[in-house]
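Some notes on the structure that comes next.
Below, all heavy atoms of this structure are taken into account, side chains as well, without hydrogens, waters or symmetry copies. Below, chain A is the first sequence line, B the second, and so on; all start at residue 1.
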Amino acid sequence: MSSIERSLNVKAKPARKRSFLSALVSDYQLWLMILPAIIVIFIFNYIPMYGVQLAFRDFDFTKGITGGKWAGLKYFKQFFNSPMFWPTIVNTFRIAATNIFFGFPAPILLALILHQLRNQRIKEGLQTVVYMPHFISTVVMVAMINIMLSPRTGLVSNLLKSIGLVQPDTNLLGSTKTFVPVYVLTEIWQHCGWNSIIYFAALSTVDQELYDACKIDGANRLQTVRHIEIPALVPTIVILLILNMGNVLNVGFEKVFLMQNSLNLPVSEVISTYVYKIGLISNQFSFGSAVGLFNTSVNFVFLILTNVIAKRLADISLW
Amino acid sequence: MPKKNKEAVKYSLADNIFEFFIIIFCIFVFIIVAYPLYFIVIASFSDSTYVNQGLVILTPKGFSTYGYSKIFEDTRIWTGYKNTLIYTLGGTAINLLFTLPGAYALAYKRFKARKYIMRAFVFTMFFNGGLIPTYMLIRNLRMVDTMWVMMIPFCVNVYNLIITRTFFEHTIPDELYEAAIIDGCRHFKFFTTVVLPLSKAIISVIFLYYMVGHWNNFFTALIYLNKDNLQPLQIVLRNILLSNQVFMEGAGMGGEAGGYAQRYADQIKYGVIIVSTLPILCLYPFIQKYFEEGIMIGAIKG
């Protein structure tokens with residue numbers, strides 16, 4: 001059936017009378033184009049969701065994922081009662097919440113300030129520089145942290161000691177007090193510039209007339225920022241905040257895992273590293289699945305809640 | 001700030017103070033971001049003894065390229081490099097092959113099923129089976145300890161798919177679709193001859209996203225690869241940089257040789273950082289000119 005016939009067909013018959021089959025036939029090329037993506041997402045995203053029943057079963061090597069005996073909430077109870085429950089939850093929440101609290105406003109501020117530069121070439125050059133750290137891999141990033149903050153020879157740790165910001169005997173890499181600040185500050189250093197791109201884009205859509213009107217009203221530049229530029233960013237800010245809240249119990253595995261050492265472990269053992277260790281290193285598949293499912297569910301609930309709140313307050317929603 | 005009419009503006013005192021703080025802040029930002037990167041470069045060319053004494057500040061001291069010559073002799077790094085190149089090139093090609101046509105189909109407004117497919121895709125951004133069920137799946141697919149595990153799983157990133165779809169929706173006008181359809185041009189042909197050439201901006205953006213993702217991928221290899229000959233660069237880097245296996249012989253070199261080794265170990269670390277990060281940093285400027293455009297159209301209304 002050619003495309004012309006199809007468009008005629010649509011006009012001739014009411015749309016809802018087109019059966020599923022005829023829609024499939026007429027759109028077959030589109031289906032062929034989307035099919036690879038559907039297959040891949042089905043296999044790698046939906047099959048593991050089905051496999052999550054492992055959390056409710058006793059895993060049996062001979063019977064596979066779905067063959068084990070039903071265990072109900074046994075593994076969840078085991079997690080709730082384990083001595084690792086509160087530490088991992090609190091650690092994960094502490095790192096994620098601190099990271100959102102300081103890391104979320106930073107790119108907004110950066111974009112607003114860099115946007116004030118009047119020399120375009122300097123502005124663009126500076127933008128390129130602040131984007132760069134984003135491309136550094138986590139492994140290299142953690143290596144750089146170790147080098148810069150090394151207790152004896154580290155450039156940054158010596159600088160901080162000489163200006164009295166940290167005690168002379170502090171080991172910034174192996175202390176329960178400094179792990180979270182180091183994690184969050186380096187996270188900002190690496191990703192703040194990159195995360196500001198979207199705010200730059202939003203700022204560049206501000207209408208020139210608004211600036212002109214502002215000038216006629218005699219506003220100074222600070223007032224322009226306050227009354228024109230910040231309001232222009234609000235929709236972007238709200239959307240990104242909702243998305244971030246969905247991660248409030250989610251901390252990137254790689255960086256925490258690589259920064260862990262025996263000295264900071266009491267504050268650096270988070271849910272994802274714990275799942276890796278008990279699930280894949282100690283082979284407790286069912287228990288690991290249960291902990292993972294608990295984590296995902298909490299995140300999901302947080303996302304929904306923030307979305308509801310944002311919808312009520314600002315009429316902005318993800319869906 | 002407005003780019004035009006620079007001349008006519010007279011700034012008040014408040015504005016000048018404002019300007020002053022802006023410039024101070026920008027200089028501060030520049031130093032904080034750029035200096036650590038610069039330091040790694042000069043340290044990789046310096047004698048580690050000076051570096052550790054804090055004497056290398058602005059220029060290399062005790063200039064030497066010993067670290068680099070050691071790196072180029074190290075077969076672990078070359079194997080890692082080769083593997084990462086295969087994973088990155090193959091993986092990115094697969095990513096684009098799966099994502100671009102899919103995004104086109106989802107951007108076509110007359111495609112009835114697109115709403116439902118989209119919902120099913122977006123759901124995966126917020127909910128997943130977790131590490132263990134995913135691991136079981138990959139194991140059942142016999143992908144553990146194969147090259148495929150670095151390229152095939154999760155090769156469609158839903159976020160990238162959405163920004164590509166949004167870009168197609170905004171840049172390819174409906175009339176163009178209709179005109180092409182009337183001309184008897186099929187979707188495949190329209191996609192390859194019209195849509196792709198018009199979409200360089202978004203293709204560069206997701207190309208860069210995918211590519212950086214593959215180049216820096218550490219997690220997948222940590223979980224699914226055990227064989228030495230398959231390890232990507234990031235795992236090799238972890239062994240060298242973080243587990244202190246700077247020399248292939250391991251840390252067990254006692255006596256004079258050990259001291260000699262340790263002296264160069266640090267220099268090698270700086271060099272390894274440069275050698276592994278430079279390719280990906282060099283890529284960015286080539287793509288940058290498309291970047292703002294691609295991000296803007298793709299992400300603003302995503």
Heavy-atom distances under 4.5 Å only: say whether [X] touches chain B with side chain, backbone, both or neither.
{"X": "A:Ile228", "result": "neither"}
{"X": "A:Ser289", "result": "both"}
{"X": "A:Gln284", "result": "neither"}
{"X": "A:Met132", "result": "both"}
{"X": "A:Ile38", "result": "both"}
{"X": "A:Leu280", "result": "both"}

_Can you give me the closest heavy-atom contact between A:Val140 and B:Ser276, atom names plus distance?_
CG2-OG, 3.8 Å
From [X] atom [atom1] to [Y] atom [atom2], the distance as rounded to the nearest 0.5 Å:
{"X": "B:Arg114", "Y": "A:Leu30", "atom1": "CZ", "atom2": "CG", "answer": "11.0 Å"}
{"X": "B:Glu19", "Y": "A:Arg118", "atom1": "CD", "atom2": "CZ", "answer": "4.0 Å"}
{"X": "A:Leu222", "Y": "B:Phe18", "atom1": "CG", "atom2": "CZ", "answer": "5.5 Å"}

Using 30° and 60° as the class limits, which term best fits the ring planes of [X] and [Y]: parallel, tilted or perpendicular?
{"X": "A:Trp31", "Y": "B:Phe111", "value": "perpendicular"}
{"X": "A:Phe285", "Y": "B:Tyr135", "value": "parallel"}
{"X": "B:Phe219", "Y": "A:Phe253", "value": "perpendicular"}

*Please confirm whether the backbone N or O of B:Ile32 pairs with a side-chain atom of A:Trp189, one donor and one acceptor, at under 3.5 Å?*
yes
_Main chain of A:Thr296, side chain of B:Asn128: is a donor-acceptor contact present, judged purely on distance under 3.5 Å?_
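Side chain of B:Asn128 to backbone of A:Thr296, a donor-acceptor pair under 3.5 Å: no, none is there.
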*asked:* Ring centroids only, cut at 6.0 angstrom: are B:Phe126 and A:Phe300 within range, meaning strictly under it?
replied: no
*Please identify each residue that fulfils salt bridge (charged side-chain N to carboxylate O under 4.0 Å, His left out) with B:Lys115, with sequence neighbours left out.*
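Applying salt bridge (charged side-chain N to carboxylate O under 4.0 Å, His left out) to B:Lys115 gives none.
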